[in-house]
Number of protein chains: 2
Amino acid sequence: MEFKEAKNKFVQTWGALGSQWGINKTMAQIHALLMVSNEAVSMEDIMDELQISRGNASMNLRALMDWGIVYKEYKAGERKEFFTAEKDLDELAVKISRERSKREIKPALKILKEVSSIAVKDSAEEKHFVEQTSKLYDFVLKADNMLDKITEFNENWLGKLVLKIMK
Amino acid sequence: MEFKEAKNKFVQTWGALGSQWGINKTMAQIHALLMVSNEAVSMEDIMDELQISRGNASMNLRALMDWGIVYKEYKAGERKEFFTAEKDLDELAVKISRERSKREIKPALKILKEVSSIAVKDSAEEKHFVEQTSKLYDFVLKADNMLDKITEFNENWLGKLVLKIMK
DNA sequence: TTAAACTTTCAAAAATAATTGAAAGTTTAT
DNA sequence: ATAAACTTTCAATTATTTTTGAAAGTTTAA
């Protein structure tokens with residue numbers, strides 16, 4: 001396999017993986033492309049390599065920047081904008097999990113808290129509902145915190161120790 | 001908020017969360033419904049509560065069973081089938097991560113290994129590609145293994161210790 | 001200013017994914 | 001064997017999401 005083919009395969013695979021995890025394909029593809037580019041890429045080149053429209057490129061680049069995992073760059077003497085991806089994978093993981101937590105987990109937790117706090121009659125059905133949603137609240141909260149801690153600690157000795165123990 | 005409203009809110013929220021994570025809305029809703037039901041539910045009742053067609057219910061129940069997080073049950077004297085969800089949340093997490101790993105992460109790893117193993121000329125561009133995809137391979141592999149270990153250990157003392165340390 | 005070079009926006013179109021419902025399939029009771 | 005009770009399948013429909021492209025917006029240079 002030669003370079004161009006490999007690069008394309010990577011971009012396609014990353015795009016497919018993205019859609020399986022609720023991230024739009026083009027967004028994941030642009031990110032993949034920038035991840036493996038050794039220098040900043042212009043919108044023109046992104047459009048060209050991925051065969052997408054200007055509007056699509058613009059919107060998904062904006063989304064990636066909102067996630068904090070793609071940055072704009074300016075080159076001296078050049079009028080147009082260039083883009084690079086966060087390439088430190090630990091940093092990338094931290095940003096993605098922070099963002100998903102903020103956008104999706106935290107709001108879900110709020111609802112879980114609400115629905116698990118209703119006053120119930122003593123029917124088995126209602127009791128079970130409260131019990132189960134309470135457990136779910138605790139579980140999701142714990143998992144959410146754990147992700148925080150893992151990403152926070154994974155560069156220091158404690159994280160490394162934990163990883164070692166778990167291996 | 002009274003029970004029925006809370007239950008509906010929970011099912012809707014879980015469904016929305018599902019779609020944000022690449023799981024179809026109805027599938028997540030059925031799962032939510034079964035999670036908070038204290039007894040097995042018939043297909044008829046699922047169709048009724050979620051206002052969905054028979055075909056939809058059938059297909060998504062099959063998918064949930066394929067994931068190993070919903071079970072069929074038979075009641076004595078009853079002709080029709082009833083369904084229950086895995087209600088132990090640790091067990092649920094284990095099954096979901098095993099399944100996503102098998103279906104999505106493992107195939108992605110295979111591709112990552114492939115594309116990171118190409119022979120490259122000594123252009124900076126190609127070198128960077130190989131370096132970056134290799135790092136990504138290592139990272140994803142480590143994360144995948146870690147999930148395994150966390151889910152595997154989270155019911156025993158070591159897991160509890162780790163959780164405590166991380167708190 | 002003005003105009004060229006570039007980016008963003010968003011309504012319409014296209015692509016993709018989910019859902020329906022009725023026919024086909026299966027199981028059980030008689 | 002037959003029919004009733006139930007489930008599965010899948011082509012067609014519907015809903016949702018993504019993408020396009022051209023007009024509007026912005027910035028920079030002269």
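Protein chains get the first letters and strands the later ones, always in sequence-line order, with residue 1 at the start of each.
Atom C1' of nucleotide C:dA15 and atom CG of A:Asn56 are separated by 12 Å, given to the nearest angstrom. As a whole-Å value, the separation of A:Arg62 CZ from C:dC10 P is 13 Å.
Near-neighbour residues of DNA chain C inside residues 11-50 of chain B, defined by a heavy atom below 4.0 Å, number-ordered: B:Asn24, B:Thr26.
With sequence neighbours left out, the ring pair (Phe, Tyr, Trp, His ring centres under 6.0 Å) criterion links A:Tyr137 to no other residue.
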Test log, rule side-chain contact (heavy atoms from CB on, under 4.5 Å), inputs B:Phe10 and A:Leu112: CA-CA 7 Å; B:Phe10 171 68; A:Leu112 271 176; 3.7 Å; yes
Check against side-chain contact (heavy atoms from CB on, under 4.5 Å), A:Phe129 and A:Val120: CA-CA 9 Å; A:Phe129 175 83; A:Val120 296; 5.8 Å; no
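For the pair B:Trp67/B:Arg103, a side-chain contact is recorded, criterion being any heavy-atom separation below 4.5 Å from C-beta on. You'll find the side chain of A:Lys127 reaches within 4.5 Å of the side chain of A:Asp122, heavy atoms only.
Side-chain N/O atoms of B:Arg79 and base N/O atoms of C:dA29 include no donor-acceptor pair closer than 3.5 Å.
Note that the first and last nucleotides of DNA chain D, 5' to 3', having any atom under 4.0 angstrom from a heavy atom of chain A are D:dT18 to D:dT28.
Using a cutoff of 4.0 Å between basic side-chain nitrogens and carboxylate oxygens, A:Lys9 and B:Glu114 are scored as salt-bridged. Using a 4.0 Å cut-off between a side-chain N of Lys or Arg and a carboxylate O of Asp or Glu, B:Lys142 and B:Asp138 do not qualify as a salt bridge.
In the hydrophobic clustering of ILVMFWY residues, with side-chain heavy atoms under 4.5 Å counting as a link, B:Tyr71 and B:Phe82 come out apart.
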